[in-house]
K.L.:
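Right, I'll just put the structure down here and ask away after.
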Amino acid sequence: MTMPKLVEPGEKIQEVDEASLTEALELAFAPLNKLAFGVALGCAGALSMVLVTVAVLVTDRAQEFPLGLLGQYLAGYTVSWPGVLIGAGWGFAVAFVAGWFFAFCRNAALAITAFAIRTRAELLQTRDFLDHI
């Protein structure tokens, strides 16, 4: 599949065949894999928690940052070296759930929108059906 090039001002627009347009639209509106998106965001969340906690532990100036308050929400988390692993686990879990839920909502919204567009198009095609009887 070749990527379409951008049209410069004053350049004629070329006709696009229906097959390549359909293929491009299917790719653009493909549903997200909920598990893969959740794992990807989970890894990013775990890495973020590790980096922030290590930065607070290593840097003197960051000691003033109230990161320990996360222990109120994340059971077992403290700003310590064992807390780095606990924070990574919590970061993965929270980000995984957020990513999975986002992918679920996006897929549902795309499915509902596609259904509405398809239904509207079918109704427009059959609007004058009784006129031909």
Side-chain angles (χ1 to χ4, degrees):
M1 180 175 95
T2 60
M3 296 298 294
K5 68 175 195 161
L6 296 176
V7 178
E8 299 294 327
E11 185 180 345
K12 283 184 102 178
I13 299 175
Q14 297 177 353
E15 292 293 322
V16 179
D17 63 330
E18 187 175 337
S20 65
L21 180 63
T22 303
E23 183 179 331
L25 286 174
E26 285 177 357
L27 184 62
F29 295 106
L32 289 176
N33 185 325
K34 295 183 289 283
L35 179 64
F37 197 72
V39 169
L41 253 58
C43 290
L47 183 64
S48 298
M49 283 296 293
V50 167
L51 291 176
V52 169
T53 306
V54 168
V56 169
L57 286 172
V58 173
T59 309
D60 292 334
R61 189 165 184 216
Q63 295 290 336
E64 302 167 6
F65 191 70
L67 192 62
L69 291 176
L70 280 177
Q72 299 293 318
Y73 300 103
L74 310 176
Y77 176 75
T78 57
V79 182
S80 63
W81 291 108
V84 171
L85 294 176
I86 295 170
W90 274 110
F92 182 85
V94 170
F96 175 84
V97 170
W100 189 94
F101 186 69
F102 175 81
F104 174 79
C105 289
R106 180 190 176 274
N107 292 345
L110 282 177
I112 291 169
T113 303
F115 177 76
I117 291 171
R118 187 179 307 119
T119 303
R120 188 176 309 135
E122 289 173 358
L123 286 175
L124 286 174
Q125 285 181 344
T126 60
R127 182 176 13 174
D128 60 349
F129 175 72
L130 294 177
D131 294 342
H132 299 288
I133 294 181

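Computation of the quantities below employed the complete heavy-atom set of this structure, encompassing side-chain atoms and omitting hydrogens, waters and symmetry-equivalent molecules. Computed from a predicted structure; not experimentally measured.
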K.L.:
Linking I/L/V/M/F/W/Y whenever any side-chain heavy atoms sit under 4.5 Å apart, do V58 and I86 land together?
P.N.:
yes

K.L.:
Nearest heavy-atom pair of A75 and W90: which atoms, and what distance?
P.N.:
O-NE1, 2.9 Å

K.L.:
Hey, what do you get for CG (L124) to OG1 (T119), rounding to the nearest 0.5 Å?
P.N.:
11.0 Å

K.L.:
Under a single-linkage definition using a 4.5 Å side-chain heavy-atom cutoff for Ile, Leu, Val, Met, Phe, Trp and Tyr, are L32 and F115 assigned to the same hydrophobic cluster?
P.N.:
no

K.L.:
Measuring from T53:OG1 to Y77:OH, what's the distance to the nearest 0.5 Å?
P.N.:
2.5 Å

K.L.:
L85, V79: one ILVMFWY side-chain cluster at the under-4.5 Å cut-off?
P.N.:
no

K.L.:
Spell out, yes or no, whether F92 and L74 are grouped together once hydrophobic residues are joined by side-chain heavy atoms under 4.5 Å, including indirect joins.
P.N.:
no

K.L.:
Quick check for you: to the nearest 0.5 Å, what is the distance between L57 atom CG and L67 atom CG?
P.N.:
8.5 Å

K.L.:
ring-ring contact (aromatic ring centres under 6.0 Å, His included), that's the test. Do W100 and F104 meet it? Break it down for me.
P.N.:
CA-CA 6 Å; W100 189 94; F104 174 79; 5.6 Å; yes

K.L.:
Could you tell me which non-hydrogen atom of F96 sits nearest to which non-hydrogen atom of V39, and how far apart they are?
P.N.:
CD1-N, 3.5 Å

K.L.:
Atom SG of C105 and atom CG of L110: how far apart are they, to the nearest 0.5 Å?
P.N.:
11.5 Å

K.L.:
To the nearest 0.5 Å, tell me how far I117 CD1 sits from T113 OG1.
P.N.:
6.0 Å

K.L.:
Taking all non-hydrogen atoms of both residues into account, name the closest pair between A95 and L41 and its distance.
P.N.:
CB-O, 3.1 Å

K.L.:
For the residue pair V54 and W81, establish whether any side-chain heavy-atom pair is separated by less than 4.5 Å.
P.N.:
yes

K.L.:
Hey, does V94 have a side-chain heavy atom less than 4.5 Å from the side chain of M49?
P.N.:
no

K.L.:
Are L47 and V52 joined in one hydrophobic group, where the rule is that I, L, V, M, F, W and Y side chains link up if heavy atoms are under 4.5 Å apart?
P.N.:
no

